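Here the structure comes first, spelled out in C-alpha coordinates, and everything after it is commentary.
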Amino acid sequence: MSEENKAVVRRFVEELPNKKNLDALDELASPNIIAHHIPPGMPGGFEGFKAMVGMVLSALPDAKMEIQDLLAEGDKVVLRWRMTGTHKGELMGVPASGNSVDFTGIVFERIENGKMAEHWEQMDMMGLMQQIGVVPPSG
(Lines give C-alpha, C1' and ligand atoms only; values in the text may rest on other atoms or scores of the structure.)
Protein backbone atom coordinates (compact mmCIF):
# COMPACT_ATOMS: atom_id res chain seq x y z
CA MET A 1 0.00 0.00 0.00
CA SER A 2 2.87 2.39 0.72
CA GLU A 3 4.01 2.42 -2.92
CA GLU A 4 0.47 3.18 -4.13
CA ASN A 5 0.20 6.01 -1.60
CA LYS A 6 3.55 7.44 -2.70
CA ALA A 7 2.26 7.36 -6.30
CA VAL A 8 -0.65 9.64 -5.30
CA VAL A 9 1.75 12.23 -3.89
CA ARG A 10 4.12 11.89 -6.89
CA ARG A 11 1.18 12.52 -9.21
CA PHE A 12 0.16 15.56 -7.14
CA VAL A 13 3.65 17.05 -7.65
CA GLU A 14 3.64 16.33 -11.37
CA GLU A 15 0.09 17.50 -12.11
CA LEU A 16 -0.17 20.60 -9.94
CA PRO A 17 3.06 22.54 -9.41
CA ASN A 18 4.80 21.12 -12.47
CA LYS A 19 2.01 20.91 -15.10
CA LYS A 20 -0.33 23.53 -13.54
CA ASN A 21 -3.27 21.12 -13.86
CA LEU A 22 -5.47 22.33 -11.00
CA ASP A 23 -8.32 20.08 -12.18
CA ALA A 24 -6.23 17.02 -11.23
CA LEU A 25 -6.90 17.92 -7.61
CA ASP A 26 -10.46 16.64 -8.08
CA GLU A 27 -9.00 13.16 -8.69
CA LEU A 28 -6.20 13.32 -6.13
CA ALA A 29 -7.86 14.81 -3.05
CA SER A 30 -10.88 13.60 -1.15
CA PRO A 31 -13.85 15.99 -1.29
CA ASN A 32 -13.67 15.82 2.52
CA ILE A 33 -9.93 16.57 2.79
CA ILE A 34 -8.78 18.13 6.03
CA ALA A 35 -6.12 20.70 5.13
CA HIS A 36 -4.33 21.97 8.22
CA HIS A 37 -2.41 24.83 6.59
CA ILE A 38 -5.18 26.96 5.05
CA PRO A 39 -4.63 30.64 5.95
CA PRO A 40 -7.28 32.59 7.85
CA GLY A 41 -9.95 34.07 5.63
CA MET A 42 -9.92 31.18 3.13
CA PRO A 43 -12.65 28.54 3.12
CA GLY A 44 -11.86 25.24 4.80
CA GLY A 45 -11.92 21.75 3.37
CA PHE A 46 -11.50 20.90 -0.28
CA GLU A 47 -12.46 24.37 -1.55
CA GLY A 48 -9.88 26.07 0.66
CA PHE A 49 -7.21 23.55 -0.29
CA LYS A 50 -7.92 24.05 -3.99
CA ALA A 51 -7.95 27.85 -3.57
CA MET A 52 -4.61 27.75 -1.75
CA VAL A 53 -2.97 25.58 -4.41
CA GLY A 54 -4.49 27.78 -7.14
CA MET A 55 -3.12 30.92 -5.50
CA VAL A 56 0.40 29.48 -5.44
CA LEU A 57 0.17 28.32 -9.08
CA SER A 58 -1.09 31.75 -10.13
CA ALA A 59 1.60 33.60 -8.18
CA LEU A 60 4.41 31.34 -9.44
CA PRO A 61 3.25 30.35 -12.95
CA ASP A 62 6.65 28.94 -13.92
CA ALA A 63 7.10 27.02 -10.64
CA LYS A 64 8.81 23.66 -10.65
CA MET A 65 8.72 21.35 -7.66
CA GLU A 66 11.42 18.76 -7.12
CA ILE A 67 10.88 15.77 -4.87
CA GLN A 68 13.87 15.52 -2.54
CA ASP A 69 12.56 12.72 -0.31
CA LEU A 70 9.39 10.64 -0.43
CA LEU A 71 8.72 8.23 2.44
CA ALA A 72 5.65 6.17 3.24
CA GLU A 73 4.40 3.87 5.93
CA GLY A 74 0.85 2.59 6.09
CA ASP A 75 -1.55 5.36 5.11
CA LYS A 76 0.97 8.20 5.66
CA VAL A 77 3.32 9.77 3.11
CA VAL A 78 5.98 12.39 3.83
CA LEU A 79 7.33 14.56 1.02
CA ARG A 80 10.32 16.89 1.32
CA TRP A 81 10.35 19.25 -1.63
CA ARG A 82 12.15 22.18 -3.26
CA MET A 83 10.31 24.71 -5.42
CA THR A 84 11.76 27.29 -7.79
CA GLY A 85 9.97 29.88 -9.89
CA THR A 86 9.30 33.54 -10.47
CA HIS A 87 6.90 35.65 -8.39
CA LYS A 88 4.70 36.92 -11.25
CA GLY A 89 1.33 37.14 -9.50
CA GLU A 90 -0.20 38.15 -6.18
CA LEU A 91 0.71 35.85 -3.31
CA MET A 92 -1.20 36.24 -0.02
CA GLY A 93 -1.85 39.89 -0.79
CA VAL A 94 1.72 40.59 -1.93
CA PRO A 95 1.83 41.98 -5.48
CA ALA A 96 4.13 40.38 -8.04
CA SER A 97 7.77 41.30 -7.47
CA GLY A 98 9.26 39.60 -10.52
CA ASN A 99 11.84 38.02 -8.20
CA SER A 100 13.09 34.47 -8.57
CA VAL A 101 12.32 32.23 -5.62
CA ASP A 102 13.87 29.02 -4.34
CA PHE A 103 12.36 27.55 -1.18
CA THR A 104 11.68 24.24 0.51
CA GLY A 105 8.99 22.51 2.50
CA ILE A 106 7.68 19.30 3.96
CA VAL A 107 4.24 17.79 3.37
CA PHE A 108 2.65 15.06 5.45
CA GLU A 109 -0.31 13.34 3.77
CA ARG A 110 -2.78 10.77 4.98
CA ILE A 111 -4.08 8.74 2.05
CA GLU A 112 -7.49 7.09 2.15
CA ASN A 113 -9.04 5.14 -0.74
CA GLY A 114 -6.32 6.36 -3.12
CA LYS A 115 -6.85 10.06 -2.36
CA MET A 116 -5.30 12.66 -0.09
CA ALA A 117 -7.58 12.76 2.94
CA GLU A 118 -5.54 14.87 5.34
CA HIS A 119 -2.78 17.35 4.55
CA TRP A 120 -0.21 19.10 6.72
CA GLU A 121 2.43 21.39 5.21
CA GLN A 122 5.33 23.42 6.54
CA MET A 123 7.40 25.56 4.24
CA ASP A 124 10.13 28.15 4.53
CA MET A 125 7.73 31.12 4.55
CA MET A 126 10.36 33.47 6.00
CA GLY A 127 12.76 32.65 3.18
CA LEU A 128 10.00 33.05 0.59
CA MET A 129 8.89 36.40 2.04
CA GLN A 130 12.51 37.61 2.00
CA GLN A 131 12.91 36.56 -1.62
CA ILE A 132 9.79 38.45 -2.76
CA GLY A 133 10.82 41.56 -0.83
CA VAL A 134 8.28 41.56 2.02
CA VAL A 135 10.80 40.87 4.78
CA PRO A 136 14.34 42.27 4.72
CA PRO A 137 17.09 39.67 4.47
CA SER A 138 18.61 38.72 7.80
CA GLY A 139 22.10 39.85 8.77
Side-chain angles (χ1 to χ4, degrees):
M1 187 56 93
S2 292
E3 289 305 312
E4 292 89 353
N5 290 343
K6 284 166 53 174
V8 171
V9 175
R10 253 191 225 98
R11 184 163 175 238
F12 174 85
V13 170
E14 282 307 309
E15 292 293 334
L16 284 103
N18 292 339
K19 292 183 181 175
K20 315 303 178 270
N21 180 10
L22 191 58
D23 291 335
L25 199 55
D26 297 331
E27 298 171 27
L28 295 168
S30 166
N32 301 314
I33 190 169
I34 301 166
H36 296 279
H37 74 294
I38 303 300
M42 292 186 97
F46 180 83
E47 292 307 315
F49 185 54
K50 193 168 187 175
M52 180 70 180
V53 172
M55 176 182 60
V56 172
L57 297 181
S58 177
L60 306 171
D62 62 346
K64 292 294 175 201
M65 182 179 276
E66 171 189 324
I67 294 173
Q68 297 193 314
D69 286 300
L70 190 61
L71 308 168
E73 185 172 327
D75 64 350
K76 307 288 191 323
V77 179
V78 179
L79 163 67
R80 187 173 65 87
W81 54 262
R82 175 181 178 211
M83 184 178 283
T84 57
T86 310
H87 181 216
K88 295 182 178 181
E90 184 178 310
L91 180 64
M92 295 181 283
V94 179
S97 65
N99 294 351
S100 294
V101 297
D102 186 338
F103 61 108
T104 59
I106 295 174
V107 171
F108 189 91
E109 300 284 357
R110 183 175 60 81
I111 308 296
E112 185 177 282
N113 299 320
K115 293 189 176 202
M116 298 181 301
E118 200 162 3
H119 177 92
W120 295 263
E121 186 161 7
Q122 293 293 316
M123 65 182 79
D124 179 13
M125 288 302 293
M126 178 64 81
L128 178 59
M129 292 296 120
Q130 288 174 333
Q131 291 173 63
I132 64 175
V134 175
V135 175
S138 58

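Worth saying up front: this structure is predicted, and the values here are computed from it rather than measured.
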### Any pair counted as salt bridge (Lys or Arg N to Asp or Glu O under 4.0 Å), so long as it reaches residues 32-52, sequence neighbours left out
D26-K50
### Message
I'd like to know whether CD of E73 has more than 12 heavy-atom contacts from other residues, nucleotides or ligands below 6.0 angstrom.
### Response
no
### Message
List the residues meeting side chain to side chain contact (heavy atoms under 4.5 Å, CB included) with N32, not counting sequence neighbours, and say none if there are none.
### Response
S30
### Message
Under the criterion side-chain contact (heavy atoms from CB on, under 4.5 Å), I'd like the reasoning laid out for R11 against E27: C-alpha separation, chi angles, the key distance, then a yes or no.
### Response
CA-CA 10 Å; R11 184 163 175 238; E27 298 171 27; 2.7 Å; yes
### Query
Out of curiosity, does V101 fall in the hydrophobic cluster containing M123 (side-chain heavy atoms, cut-off under 4.5 Å, transitive links)?
yes
### Message
Quick one, F12 with L25, criterion side-chain contact (heavy atoms from CB on, under 4.5 Å). Give me CA distance, side-chain angles, the key distance, then yes/no.
### Response
CA-CA 7 Å; F12 174 85; L25 199 55; 3.8 Å; yes
### Task
Calculate, to the nearest 0.5 Å, the distance between atoms CD and CG belonging to E14 and N21 respectively.
11.5 Å
### Task
Quick one: list whatever passes side-chain hydrogen bond (donor to acceptor under 3.5 Å, both in side chains) with E3, sequence neighbours left out.
K6
### Message
What verdict does the side-chain contact (heavy atoms from CB on, under 4.5 Å) test give for L22 and L16, after you've listed the backbone C-alpha separation in whole Å, the side-chain angles of each residue and the deciding distance to 0.1 Å?
### Response
CA-CA 6 Å; L22 191 58; L16 284 103; 3.7 Å; yes
### Query
In chain order, what residues pass the side chain to side chain contact (heavy atoms under 4.5 Å, CB included) check against M126, with sequence neighbours excluded?
D124, Q130, V135
#### Entry: Inter-residue atom distance I33.CD1 - K115.NZ, 0.5 Å rounding
10.5 Å
For residues 55-67, which side-chain donor-acceptor pairs fall under 3.5 Å, sequence neighbours excluded?
residue : atom : partner : partner atom : Å
D62     : OD1  : T86     : N            : 2.7
D62     : OD2  : T86     : OG1          : 2.7
K64     : NZ   : N18     : O            : 3.0

### Query
Is the closest side-chain heavy-atom distance between V13 and L70 below 4.5 Å?
no
### Task
Would you list the pairs meeting side chain to side chain donor-acceptor pair (under 3.5 Å) in which at least one residue belongs to residues 33-42, sequence neighbours left out?
H36-E118, H36-W120
### Query
V78, V107: one ILVMFWY side-chain cluster at the under-4.5 Å cut-off?
no
### Message
Using the side-chain hydrogen bond (donor to acceptor under 3.5 Å, both in side chains) criterion, which residues pair with N113? Sequence neighbours excluded.
### Response
none
### Summary
Taken to the nearest 0.5 Å, the spacing of E112 CD from N5 CG works out to 10.5 Å
### Query
What pairs meet the salt bridge (Lys or Arg N to Asp or Glu O under 4.0 Å) rule with one or both residues in residues 126-139, with sequence neighbours excluded?
none
### Task
Decide if atom CD of E90 counts as having more than 12 heavy atoms of other residues, nucleotides or ligands within a radius under 6.0 Å.
yes
### Query
Any idea which heavy atoms bring M52 and P39 closest together, and the distance?
SD-CD, 3.6 Å
### Closest heavy-atom pair and its distance - S2, G74
OG-N, 3.4 Å
### Message
Hydrophobic cluster membership, with links at side-chain heavy-atom distances under 4.5 Å among I/L/V/M/F/W/Y: are F46 and V53 in one?
### Response
yes
### Task
Go through M92 and M125 one step at a time and tell me if the side-chain contact (heavy atoms from CB on, under 4.5 Å) criterion holds.
CA-CA 11 Å; M92 295 181 283; M125 288 302 293; 2.9 Å; yes
#### Entry: Under the side-chain hydrogen bond (donor to acceptor under 3.5 Å, both in side chains) test, residues paired with R80 that sit two or more places apart
Q68, D69
### Task
Sequence neighbours left out, what passes side chain to side chain contact (heavy atoms under 4.5 Å, CB included) with A51? Give chain and number order.
M42
### Message
Taking side chain to side chain contact (heavy atoms under 4.5 Å, CB included) as the definition, give me every residue that meets it alongside V8, ordered by chain and number, with sequence neighbours left out.
### Response
L28, I111, M116
### Task
If a pair satisfies ring pair (Phe, Tyr, Trp, His ring centres under 6.0 Å) and one of its residues is in residues 64-91, list it, with sequence neighbours excluded.
W81-F103
